[in-house]
K.L.:
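Below are the structure tokens for one structure; questions will follow.
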Amino acid sequence: MSDDGPRVVLTFDAEHPDRPLCPPGNVEKILDALAESATVATFFVQGRWARSQPEVARRISDDGHLVGHHSQFHARMPLLSDDGIRADVVEGAQDIVETTGRDPRPWFRCPFGAGHDDPRVLGLLSELGYRNVDWHVELDDWEPWRTGPDIERDAVQGVLSRGDGTVVLLHTWPGPTAEALPGIVRRLSDAGARFVTLEGVDA
């Protein structure tokens with residue numbers, strides 16, 4: 001893999017699932033696939049999820065992946081008051097730090113992407129030491145009709161179309177995402193891509 005190939009950031013939102021296709025051990029399967037291919041990724045961790053899954057949350061950190069913040073309760077940020085946003089972010093950060101051993105600042109991803117362009121939300125995040133991270137390739141991997149081959153194909157096409165610095169949105173709980181991941185990594189690596197965390201593109 002060339003050192004000057006296009007950089008790709010695989011990001012995974014680690015949160016409580018609310019759809020079907022959530023097989024047990026799916027996060028571990030994703031982490032195993034990343035470890036086997038020596039691929040680094042960025043995980044946006046929901047604080048409440050980390051508190052309920054402390055061992056796997058810690059493994060994300062121990063495996064060398066970048067840890068970001070995905071709120072405490074996965075609420076749409078624009079619906080919260082200023083104090084509500086502050087409380088959600090602070091409480092979530094406490095759970096993330098306690099479970100992963102990592103301070104997630106400055107990386108934050110608004111649940112559902114809601115608030116990514118809201119000056120009030122962004123101002124409050126900045127006050128707390130964060131900046132929101134959006135994405136370039138969205139694969140709808142949470143939808144029950146999306147299959148592993150669909151996700152793999154669209155991820156590869158999306159990254160190759162956009163090029164250097166592409167941020168890909170994935171989730172840790174859909175079974176088809178874990179199924180798609182080895183093929184995504186293999187095909188993009190064969191195309192010369194380099195997998196980096198957000199720190200590698202300073203998103």
Side-chain angles (χ1 to χ4, degrees), residues 1-23 25-46 60 63-70 74 76 107-117 131-203:
M1 185 167 52
S2 170
D3 288 340
D4 59 0
R7 296 165 298 170
V8 180
V9 185
L10 297 179
T11 68
F12 294 87
D13 289 358
E15 65 202 23
H16 288 293
D18 61 358
R19 306 284 180 98
L21 301 176
C22 313
N26 203 63
V27 187
E28 291 88 344
K29 188 174 180 180
I30 286 171
L31 290 169
D32 288 345
L34 293 171
E36 289 167 7
S37 60
T39 300
V40 293
T42 298
F43 286 78
F44 286 96
V45 177
Q46 180 191 6
I60 289 170
D63 281 5
H65 302 296
L66 185 66
V67 175
H69 195 333
H70 195 43
H74 208 257
R76 296 177 184 271
W107 315 108
F108 190 91
R109 173 167 285 162
C110 290
F112 310 102
H116 77 278
D117 57 354
R131 50 179 164 158
N132 183 69
V133 178
D134 215 26
W135 54 83
H136 305 114
V137 175
E138 182 174 6
L139 299 166
D140 296 342
D141 61 337
W142 61 87
E143 297 290 6
W145 57 81
R146 293 287 279 168
T147 68
D150 291 338
I151 294 167
E152 177 184 333
R153 179 197 64 232
D154 293 347
V156 172
Q157 291 179 353
V159 169
L160 296 181
S161 295
R162 190 184 185 282
D164 186 54
T166 299
V167 177
V168 181
L169 171 64
L170 295 160
H171 296 78
T172 55
W173 50 268
T177 300
E179 177 188 346
L181 184 58
I184 292 171
V185 171
R186 182 182 64 254
R187 291 173 61 184
L188 288 175
S189 295
D190 289 346
R194 295 180 290 140
F195 293 99
V196 298
T197 68
L198 284 168
E199 291 176 328
V201 295
D202 195 28

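Any value given below was found using the heavy atoms of this structure, including those in side chains, with hydrogens, waters and symmetry copies removed.
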K.L.:
My understanding is that only residues two or more places apart in sequence, or in another chain, count here; which of them pass side chain to side chain donor-acceptor pair (under 3.5 Å) with Arg76?
P.N.:
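Applying side chain to side chain donor-acceptor pair (under 3.5 Å) to Arg76 gives none.
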
K.L.:
Sort and list the pairs that fulfil salt bridge (charged side-chain N to carboxylate O under 4.0 Å, His left out) and have at least one residue in residues 160-173, not counting sequence neighbours.
P.N.:
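Found Arg7-Asp164.
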
K.L.:
Not counting sequence neighbours, which residues clear side chain to side chain contact (heavy atoms under 4.5 Å, CB included) with Pro17? List them please.
P.N.:
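Testing Pro17 for side chain to side chain contact (heavy atoms under 4.5 Å, CB included), a comparison that skips the adjacent residues, returns Cys22, Trp173.
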
K.L.:
Under the rule for ring-ring contact (aromatic ring centres under 6.0 Å, His included), what residues qualify as partners of His116, not counting sequence neighbours?
P.N.:
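His116 satisfies ring-ring contact (aromatic ring centres under 6.0 Å, His included) with no residue once adjacent residues are dropped.
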
K.L.:
For Thr11, give me all partners under side chain to side chain donor-acceptor pair (under 3.5 Å), at least two apart in sequence or on another chain.
P.N.:
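Residues passing side chain to side chain donor-acceptor pair (under 3.5 Å) with Thr11: Arg109.
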
K.L.:
Who pairs with Phe108 by ring-ring contact (aromatic ring centres under 6.0 Å, His included), at least two apart in sequence or on another chain?
P.N.:
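For Phe108 the ring-ring contact (aromatic ring centres under 6.0 Å, His included) partners, ignoring immediate neighbours, are His69, Tyr130.
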
K.L.:
Are side-chain heavy atoms of Phe12 and Leu181 found at a separation under 4.5 Å?
P.N.:
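Yes, their side chains come closer than 4.5 Å.
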
K.L.:
Report yes if some heavy atom in the side chain of Val167 is under 4.5 Å from a heavy atom in the side chain of Leu198; otherwise report no.
P.N.:
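They are in side-chain contact.
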
K.L.:
May I have all residue pairs that pass salt bridge (charged side-chain N to carboxylate O under 4.0 Å, His left out) and include part of residues 26-37, sequence neighbours excluded?
P.N.:
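Pairs touching residues 26-37 that pass the test: Asp32-Arg59.
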
K.L.:
Going by side chain to side chain donor-acceptor pair (under 3.5 Å), name the residues that satisfy it together with Thr197, two or more places apart in sequence or in a different chain.
P.N.:
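For Thr197 there are no side chain to side chain donor-acceptor pair (under 3.5 Å) partners, ignoring immediate neighbours.
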
K.L.:
If you take all heavy atoms of Ile60 and Val67, which pair is closest and at what distance?
P.N.:
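Answer, listing the atom of Ile60 first, then Val67: CG2-CG2, 4.1 Å.
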
K.L.:
Quick one, His65 and Leu34 - any side-chain contact, counting heavy atoms below 4.5 Å?
P.N.:
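Of all side-chain heavy-atom pairs linking Leu34 with His65, at least one is under 4.5 Å.
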
K.L.:
Just checking, any donor-acceptor pair under 3.5 angstrom between side chains of His70 and Glu15?
P.N.:
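A donor-acceptor contact under 3.5 Å links the two side chains.
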
K.L.:
Which atom pair, heavy atoms only, marks the closest approach of Val159 to Val8?
P.N.:
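For Val159 and Val8, the tightest heavy-atom pair comes out as CG1-CG2, 3.5 Å.
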
K.L.:
With a 4.5 Å heavy-atom cut-off, do Leu139 and Leu170 have their side chains touching?
P.N.:
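Contact flag for Leu139/Leu170 side chains = yes.
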
K.L.:
State which residues pass ring-ring contact (aromatic ring centres under 6.0 Å, His included) with Trp142; sequence neighbours excluded, sorted by chain then number.
P.N.:
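Once residues adjacent in sequence are excluded, the partners of Trp142 under the ring-ring contact (aromatic ring centres under 6.0 Å, His included) criterion are His171.
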
K.L.:
Side chains of Thr42 and Val196: does their closest heavy-atom pair fall under 4.5 Å?
P.N.:
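Counting from C-beta outward, Thr42 and Val196 never come under 4.5 Å.
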
K.L.:
Provide the full list of salt bridge (charged side-chain N to carboxylate O under 4.0 Å, His left out) pairs with a residue in residues 135-147, sequence neighbours left out, each pair given once.
P.N.:
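Counting only pairs at least two positions apart or across chains, the salt bridge (charged side-chain N to carboxylate O under 4.0 Å, His left out) contacts touching residues 135-147 are Arg19-Glu143, Arg146-Asp154.
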
K.L.:
Scan for salt bridge (charged side-chain N to carboxylate O under 4.0 Å, His left out) pairs involving residues 166-191, sequence neighbours excluded, and state none if there are none.
P.N.:
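Residue pairs with at least one partner in residues 166-191: Glu152-Arg187.
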
K.L.:
Evaluate the side-chain proximity of Phe195 to Ser189: yes if any heavy-atom separation is below 4.5 Å, no if none is.
P.N.:
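Of all side-chain heavy-atom pairs linking Phe195 with Ser189, at least one is under 4.5 Å.
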
